[in-house]
Amino acid sequence: MSVKIFRAAAGLATVVLSAGAQAAFELNFQTPVSKVGERVYDLHTVILLICFVIFIAVFGTLLYSVFAHRKSKGHVAAQFHENTTVEVLWTIIPFVILVLIAWPATTTLLAMRDTAEPDVTVKVTGYQWEWAYDYLKGEGEGISFLSNLATPHDQIYGTAAKGEHYLREVNNPLVVPVGKKIRILTTANDVIHSWFVPELFVKQDANPGFIRDTWFRAEKEGTFRGQCAELCGKDHGFMPIVVEVVSPEKYSAWVAEQKKKMAGLADDPGKRATEAGEAVAPADIKTARR
Amino acid sequence: MASTTQSAGHYYLPAPSKWPITAASAVLCLGFGAAFAVNQMMLGYVLLALGVAIFAFMLFGWFGAVAHESESGLHNERVDTSFRWGMSWFIFSEVMFFAAFFGALFYVRVFSVPWLADIEQKLLWPGFAGTWPTAGPGFEGEFSPIAAWGLPAINTLLLLTSGVTVTLAHWALKENKRGALIGWLAATIALGVTFLFVQIHEYGHAYSELNLKLSTGVFGSTFYMLTGFHGFHVTVGCIMLSVILGRSIAGHFKPEHHFGFEGVAWYWHFVDVVWLLLFILVYWL
Amino acid sequence: MSAVLDTPGHHEHADRPTGITRWLTTTNHKDIGTMYLWFSFTMFIVGGIMALIIRTELFTPGIQVVDPDRFNALTTYHGLIMVFGAIMPAFVGFANWLIPMQIGAPDMAFPRMNNLSFWLLPPAALLLITAQFVPGGGAGVGWTMYPPLTVQAPMAMDLTIFAIHILGMSSIMGSINIITTVFNMRAPGMGMMRIPMFCWTWVITAFLLLAVMPVLAGAVTMTLTDRHFGTSFFNAAGGGDPVLYQHVFWFFGHPEVYIIAIPAFGVISQIIPAFARKPLFGYTSMVYATASIAVLSFLVWAHHMFTVGMPVEAQLYFMYATVLIAVPTGVKVFNWVATAWRGSLSFETPMLFALGFLFLFTIGGFTGLVLAIVPIDVQLHDTYYVVAHFHYVMVAGALFSAFGAIYFWLPKWTGKMYDERLGKLHFWLSFIFFNVAFFVQHFLGLAGMPRRIPDYAPQFAEFNMISSIGAWGFGLAQVLLLYIVVKTIRSGKPAEQRQWDGADGLEWTHLPTPAPYHSFETPPVLK
Ligand code: HEA
Ligand code: HEA
Ligand code: CUA
Ligand SMILES: [Cu+2]
């Protein structure tokens, strides 16, 4: 039955969204493209199953009661109101279940937080409302650029048809090599932002004045899209993140190309190059903070 | 009145009263007034003044009514116990208010300042040492904190003594020695007011000579917010003590029935304890 | 002075003011309870209309009805108004009405202060509503009000901050009143372990409120001084930390969600036994479980902050502490099921809402558990999964429980019986549309749709559309509630003293229907 409702709604949706709506009834996490992501995905599945079983047990009991112990069927109420044994049991059993859950949760978390020995380190700075990427260490060191929403105004205000990657497209994506450990340092220039890419299973707040870190290792080439996940003012919804994971060769080529561009701007220190060539540079963090 | 005033042994229920709604209107003015005033709007100051006036009027009326009821013997033991519970929980909530600021102080000293100086943050704040006291990595200029063993220590003494005098006043009241009661109360108030003067003097000194201001980074922020809110509480305490003094002079309170007095004394002790914590955590350590 | 059996309208205190003065000056717990309830319902409509604008904007991708700033403001004030204006006052209203009746007291301990704690609410509400219209518009900072965004926000922020101060004062006074009443005004023979569960849950809630409302006041005060007086609490350049605010806020905020939930538990613990015609199972363990939830709630706050970049040890600690809350909450759920077990069940509207609560609250609890697991929360934090989680516990939890309470006690309050058929219809509409509106949000969150955005990528379109339809359905279903209540007051059939044969509180066994103006002028005699 629910499938029917979904279909009906999907039909409705396609009509309204005339352009480019692929009915995407995703019911679960996006398919992870990192090992850690897979572990999180599985952890979630396990916990969901446990909850499901408990749910069935509890509400199975309740439903049985609802049908069997009705007044309208003449059922007479028993008067018991205590039973130490079951009360102790249903305190201890959930506790044990929780301990069992805590174990994989802990190991996964420890793996997630282990940012040691990265291949490439990128500093990500949140601005209202764009991201700045600075490659600090590893291949590509020294590259830096700004990344802005590429969706045209017209699409947002409905005067043009919405594109396929509506709101999740940028002028300059973050480019990283596949299979390498990428460490992301987050910070912000004005308010708190949060760097979130669902398929990479990465989310890290960018706090102004502080540097915090996270990492990922994409096992697959491709383009992965996310967006700012901490309310940061008017255009919080318009601060996408696009990560392009490419082969090492392509990555080297990209680095070389960027380096060339940077060289063109070399006598303009502190400025960041954009693809278009105009050097748009928010003031350096330190000065801007005061 | 008759129907709500209960016979002895019953709980006193006040008749409908205009004071709460008066208080609420004062708060309405104060809320809007403060919000407009911090944005430098003239209307804000007007509303604030109006709010304060209504509030003061309300305090006289409401507390006057309560004092009157108390003196007419309407407050039996049950009511007295209610007051005790009420005052205790109120002080508990005040403790939690201060806890928020002490928590902030703890957090900056133990976490944020050392973090700002750790290796990772060198990218943003090169050269920040992270030693306490500090006004943060972005602060330019120098400042010095107030030394604990000068006037603050004297202030500690003043407040501790006032804690003793208020207790002496209480003993006097219990033994129905009115003169001593009034004397010790007056002494308590004098000590409290002296404390306030010293404190104001300290602030002036800090502002003019130590370059220690509310805007002196997180040190100035925590210092002035904690000591400032404490000072505000001392002020309120002094006002309440003065009311109690006035009532004592007017012959209120009986040796076995004087919660009005005790409530204020509790409050005074609370203010005292907060100061001790302040002295240790803000000035000394 | 005779006992309590005076009929309404008769020989009642000629000196009592009438008309508007009655409501402005009243010191009567029932009058004040009534005002709380109507205020709460008004705020529910205001906050609900804001929600409907939000859902309308989110009906399809693109910006259609409100611009992004306004959208953020709507989200913010929807959250604030629902939490502080609708849900909390509703339960204080129930407390006012019920606690004196349930413990055999004549009124609340501090009747005048009681009046003040109500009358502080309209000024606060006015501030919140005015904030929408001052220059710069409402502050689009989220109900959590994280700096430095709040430091940038327009002057509406200041109105909001002072509104919160006033709400805090109101809650503190209300709590002092409730806790003192229960401690000190019980009828002779009613020990603490004999008071109805609803009273217990309110004692515990009052304690939570007293502990955390001042902390919230501190948090917004620091925001205020950072905004206007040059302090650096939340500014790294001055040695502060934006995350400090989050710690202080959530030290308040997590207990706050139990402040919302625990009185709801109390209501459910009254309704289920009444319609199972069987005593509450495990009263003692219920009391202890509720108290443990309250204590634990102080120790878990940072589970709202798993992505701020705190040390991994802290994440582990907060994860372990958080999942522990499932144990006492589980005890409560199991006790309710055991209460129904082998009872003699009937399904009038209050019972339907109680069972709906049980079912949906547990789902919300389970998603809470999922969120408590740090690696998963990193993925789900600030997505619609969280929005789904908390609407399950707050709307299907607290709000359903409040609906149940209204139907359960309306006969006692008004002396009239509501229309059972319409009540059931209200339940089923609410139940179905609630799930349509919020169940799909889990999927949105899992797929990575952030919260607090006015516009979204096309892959989220379908579920958003379903959710918006559900929201409108749910909202319209509430018109029915209003209709039912008004109809009951106007033309309901007279109710009996003990309208529900399974209800055994003093308000049913010892007081006539409708309840007299002063509940117990002489304390009831208990065996
Ligand atoms: C009434 C309000 C209420 C209640 C009761 C709860 C209950 C719980 N909440 Fe929820 N929560 C909110 C209101 C509430 N929450 C709000 C408003 C937010 C968002 C705020 C914001 O950011 O705006 C939030 C957010 C929130 C987060 C942060 C998400 C994020 O932003 O990333 C987390 C994470 O841990 C969490 C966890 C929990 C847990 C573990 C419980 C537990 O108490 C649940 C316990 C219950 C059960 C588990 C079900 C019954 C138990 C059993 C049947 C026993 C057996 C079970 C097992 C052994 C599994 N909540
Ligand atoms: C207990 C509190 C509570 C309650 C009851 C609700 C009720 C509802 N909430 Fe929510 N909500 C929050 C607390 C609550 N909410 C909080 C704390 C947030 C977070 C804010 C933040 O991120 O800062 C939030 C955020 C939030 C969001 C996310 C916004 C965002 O991230 O941008 C959404 C979106 O769907 C939403 C929807 C709804 C809906 C549709 C209802 C419905 O249940 C409302 C239904 C009620 C009515 C509609 C009113 C009654 C109607 C009538 C009497 C009829 C007359 C009216 C008409 C039909 C015109 N809420
Ligand atoms: Cu940047 Cu939200
Ligand atoms: Cu929480």
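Each chain gets a letter, A, B and so on, in the order the sequences are listed, and its residues count up from 1. These values consider heavy atoms only, across backbone and side chains, with no hydrogens, waters or symmetry-generated copies.
Interface residue A/F59: only side-chain heavy atoms are found under 4.5 Å from chain C. When heavy atoms are compared at a cutoff of 4.5 Å, A/F196 approaches chain C solely by way of its side chain, counted from C-beta outward. For A/E230, the parts lying under 4.5 angstrom from a heavy atom of chain C are both the backbone and the side chain. Both the backbone and the side chain of A/R70 come within contact range of chain C, each with at least one heavy atom under 4.5 Å from a heavy atom of that chain. When heavy atoms are compared at a cutoff of 4.5 Å, A/F52 does not approach chain C at all. Heavy atoms closer than 4.5 Å to chain C are found in both the backbone and the side chain of A/V58. C/T367 does not touch chain A: none of its heavy atoms, backbone or side chain, sits under 4.5 Å away. With a 4.5 angstrom heavy-atom cutoff, C/P279 touches chain A via backbone and side-chain atoms both. Residue contact with chain A, scored on non-hydrogen atoms closer than 4.5 Å, involves the backbone of C/P147 exclusively. For a residue to count as touching a neighbouring chain, one of its non-hydrogen atoms must lie under 4.5 Å from one of that chain's; by this rule A/L98 touches chain C with the side chain only. Only the side chain of C/T284 comes within contact range of chain A, with at least one heavy atom under 4.5 Å from a heavy atom of that chain. A/T106 touches chain C through backbone and side chain together, each having a heavy atom under 4.5 Å away. The part of C/L369 that comes within reach of chain A is its side chain, from C-beta onward, which places non-hydrogen atoms under 4.5 angstrom from that chain. Residue C/Q64 does not touch chain A at all, counting heavy-atom pairs closer than 4.5 Å. Contact of A/C51 with chain C is made through backbone and side chain together, with heavy-atom distances under 4.5 Å. Contact of C/N72 with chain A is made through the side chain alone, with heavy-atom distances under 4.5 Å. In this structure, no portion of C/N464 lies under 4.5 Å from any heavy atom of chain A. Heavy atoms of C/V333 lying under 4.5 Å from chain A belong exclusively to its side chain. In this structure, the portions of C/P375 lying under 4.5 Å from any heavy atom of chain A include both its backbone and its side chain. Heavy atoms of C/M319 lying under 4.5 Å from chain A belong exclusively to its side chain. In this structure, chain C has heavy atoms under 4.5 Å from both the backbone and the side chain of A/I192. For chain A, no part of C/H442 is nearby; none of its heavy atoms comes within less than 4.5 Å. Using a 4.5 Å cut-off between heavy atoms, C/A338 touches chain A through backbone and side chain atoms alike. Proximity to chain A is limited to the side chain of C/I373, based on heavy atoms less than 4.5 angstrom apart.
Of the residues considered (A/D213, A/L43, A/V197), A/L43 shows the highest number of contacts with chain C, using heavy-atom pairs under 4.5 Å. No other option in A/K73, A/R225, A/Q227 has as many heavy-atom pairs under 4.5 Å with chain C as A/Q227. Contacts with chain C were tallied for A/H75, A/R39, A/H165; A/H75 has the most, counting heavy-atom pairs under 4.5 Å. Interface remark: of the candidates A/V202, A/L109, A/L62, A/V40, A/L109 forms the most heavy-atom pairs closer than 4.5 Å to chain C.
Under 4.0 Å is where a charged nitrogen must lie from a carboxylate oxygen, and between A/D205 and A/R212 no such pair does.
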Under 3.5 Å, side-chain donor or acceptor atoms of residues 85-95 of chain A against the rest of the protein: list the pairs with distances, not counting sequence neighbours.
from, atom 1, to, atom 2, distance (Å)
A/T85, OG1, A/N83, OD1, 3.4
A/E87, OE1, C/S285, OG, 2.9
A/E87, OE2, A/N83, N, 3.2
A/T91, OG1, A/E87, O, 2.7

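Between C/F439 and C/F443, the two ring planes are perpendicular [angle over 60°; tilted spans 30° to 60°].
At least one donor-acceptor pair closer than 3.5 Å links the side chain of A/T45 to the backbone N or O of A/Y41.
Cation-pi geometry between A/K234 and A/W129 is met: the NZ or CZ atom falls under 6.0 Å from the ring centre, inside 45° of the normal. At least one cation-pi condition fails for C/K332 and C/F361: the charged atom is not both under 6.0 angstrom from the six-membered ring centre and inside a 45 degree cone around its axis.
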Next item on the list: Apply side-chain hydrogen bond (donor to acceptor under 3.5 Å, both in side chains) to the pair C/R452 and A/H236, showing each step before the final yes or no.
Entry: CA-CA 8 Å; C/R452 298 167 169 170; A/H236 161 58; over 6 Å; no
Next item on the list: Step by step, work out the side-chain hydrogen bond (donor to acceptor under 3.5 Å, both in side chains) result for A/Y166 and C/D455.
Entry: CA-CA 10 Å; A/Y166 177 71; C/D455 192 6; 2.3 Å; yes
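Taking the ring centroids of A/Y157 and A/H153, they lie under the 6.0 Å cut-off. Ring centroids of C/Y456 and C/Y384 are separated by 6.0 Å or more, keeping the two rings apart. Between C/W341 and A/Y64, the distance separating the two ring centers is shorter than 6.0 angstrom.
Residues satisfying the salt bridge (charged side-chain N to carboxylate O under 4.0 Å, His left out) test with A/K35, not counting sequence neighbours, are A/E219.
The local environment of CZ in C/R342 is sparse, with at most 12 non-hydrogen atoms from other residues, nucleotides or ligands closer than 6.0 Å.
Of all heavy-atom pairs spanning A/E199 and A/T31, the tightest one is CG-O, 3.8 Å.
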